[in-house]
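Working notes for the structure below.
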Amino acid sequence: MTENLAVDQVNILLVDDDTRNLTALAAVLEDPDYNLVLAESGEEALNHLLKSTFAVIILDVMMPGMDGFELARLIKSRKKTENTPIIFLTAFHTDEQDIFQGYDLGAFDYLIKPAHPQILRAKVSVFANLHRKRLAEKRQYQHLLRLASGGDKESSLPEWSDEYRKILQSYIAKLRAGKTIVESPLEPLVPKLLKQRVKTAEILATHMEVVKAATQAASQTEAQVFTDYAKTCLLELLGRLVDQSDTGG
């Protein structure tokens, strides 16, 4: 099991104090798209988590020393790993209180040992694909920001920037209120940008200025939420502009 992460591979951490269980899990999940990292203790798992990012963690509940619950608590307490999905593996006799404790600690799922191979592969595949998508979006966003940093910067923001800011703020407010949004709020902005022949560099520069202004007085958590959503909006906006340009819309 190599520690190197290939371009299309994702890391998956398997944690169990029983070597036989680890070998069986690795055999079930063996796939060229996965880099399986094995740990026989909570301490060993934490060491791997310090070095690498994982798409999902398959975690045995009952382990000597640091058990699965304690390890999960530490994982969720770290900024770098707090959103890493955890699937607990538990013995058949585990009571409901333990299961509830696992969910309270951020477990995404529970599987009873021995886990059904097809079910385990299906669940891991979902998290691996989500992780791969997030990595692709992150690389794309970083690339766009590099492009923007080399573009011409205007001393003042264009007229449409205010509309863009309002779209971002309105949309995130609706998300926080738990409202379901069917139609993209960016739709009305697309034809305006196409008509004005706005360049990608200007969109990127404006995006960064809008996000900077909107998060200047926000808390760290609020700023991160807004920035993450704004990143998704930016990618969607650029995608729609490309689509409309290709179709002559």
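Side chains are part of it too, since the values below use all heavy atoms of this structure and drop only hydrogens, waters and symmetry mates.
In plain terms, the two heavy atoms of Lys76 and Thr84 that are nearest each other are NZ-O, 3.0 Å. In terms of heavy atoms, His48 sits closest to Ala39 at CD2-CB, 4.0 Å. Here the shortest heavy-atom pairing between Tyr164 and Ala230 reads OH-O, 4.1 Å. A pairwise comparison of heavy atoms in Leu36 and Ala26 identifies CD1-O, 3.6 Å as the closest pair. Scanning both residues, Leu50 and Lys80, for their nearest heavy atoms gives O-NZ, 3.5 Å. The shortest heavy-atom contact between Leu59 and Gly68 is CD2-O, 3.3 Å.
The hydrophobic cluster containing Leu130 also includes Val126, under a criterion of side-chain heavy atoms closer than 4.5 Å among ILVMFWY residues, counted directly or through chains of members.
By the side chain to side chain donor-acceptor pair (under 3.5 Å) test, Ser77 pairs with no residue at all, sequence neighbours left out. For the salt bridge (Lys or Arg N to Asp or Glu O under 4.0 Å) test, residues two or more places apart in sequence or in another chain that qualify with Lys166 are Asp162. Here Asn21 pairs with Asp16 under the side chain to side chain donor-acceptor pair (under 3.5 Å) rule; sequence neighbours left out. Not counting sequence neighbours, the partners of Ser41 by the side chain to side chain contact (heavy atoms under 4.5 Å, CB included) test are Glu43, Glu44. In this view, Arg197 satisfies the salt bridge (Lys or Arg N to Asp or Glu O under 4.0 Å) rule with no residue, not counting sequence neighbours. When the side chain to side chain donor-acceptor pair (under 3.5 Å) test is applied to Asn47, no partner is found at least two apart in sequence or on another chain. Residues satisfying the side chain to side chain contact (heavy atoms under 4.5 Å, CB included) criterion with Pro117, sequence neighbours excluded, are Val28, Arg121. When the side chain to side chain contact (heavy atoms under 4.5 Å, CB included) test is applied to Asp31, the partners found at least two apart in sequence or on another chain are Asp33, Tyr34. The salt bridge (Lys or Arg N to Asp or Glu O under 4.0 Å) check on Lys192 picks up Glu163, with sequence neighbours excluded. Listed by chain and number, the residues in a side chain to side chain contact (heavy atoms under 4.5 Å, CB included) with Glu82 are Lys79 (sequence neighbours excluded).
Separation of atoms CD1 (Ile87) and CG (Leu89) is listed at 8.0 Å; rounding is to 0.5 Å. Interatomic distance, OG1 of Thr227 versus NE2 of His207, reported as 7.5 Å (0.5 Å rounding). For the atom pair OG of Ser125 and CD1 of Ile12, the computed distance is 9.0 Å after rounding to the nearest 0.5 Å. The CG atom of Asp228 sits 11.0 Å away from the CZ atom of Arg134 when rounded to the nearest 0.5 Å. Note that the CZ atom of Phe69 and the CG atom of Leu74 stand 14.0 Å from one another [nearest 0.5 Å]. To the nearest 0.5 Å, the span separating CD1 on Ile86 from CG on Leu71 amounts to 7.0 Å.
Residues Phe54 and Ile75 have side chains not in contact (no heavy-atom distance under 4.5 Å, counting atoms from C-beta outward). Side-chain contact between Asp17 and Asp60: present, with at least one pair of heavy atoms (C-beta onward) separated by less than 4.5 Å. Between Leu49 and Leu13, some side-chain heavy-atom pair lies under the 4.5 Å cut-off. The closest side-chain heavy-atom distance from Leu234 to Leu204 is below 4.5 Å. Annotation: side chain of Met66 is in contact with side chain of Leu46 (closest heavy-atom distance under 4.5 Å). Put simply, the side chain of Val15 reaches to within 4.5 Å of the side chain of Ile57, judged on heavy atoms. Side-chain contact between Val211 and Lys231: absent, with no pair of heavy atoms (C-beta onward) separated by less than 4.5 Å. In this structure, Leu22 and Glu40 have side chains that are in contact, with non-hydrogen atoms separated by less than 4.5 Å.
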**OP:** Kindly indicate, with the supporting measurements, whether the criterion side chain to side chain contact (heavy atoms under 4.5 Å, CB included) is fulfilled by His116 and Leu120.
**Re:** CA-CA 6 Å; His116 191 289; Leu120 180 60; over 6 Å; no

Subject >> Derivation of the side chain to side chain contact (heavy atoms under 4.5 Å, CB included) call for Leu29 and Leu14 >> reply: CA-CA 10 Å; Leu29 295 173; Leu14 312 178; 3.8 Å; yes

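Judged by distance alone, the side chain of Asn11 and the main-chain N or O of Thr53 form a donor-acceptor pair under 3.5 Å.
Tested against Val198, the residues Leu189, Leu193, Leu241 include a single side-chain contact (heavy atoms from CB on, under 4.5 Å) partner, Leu193.
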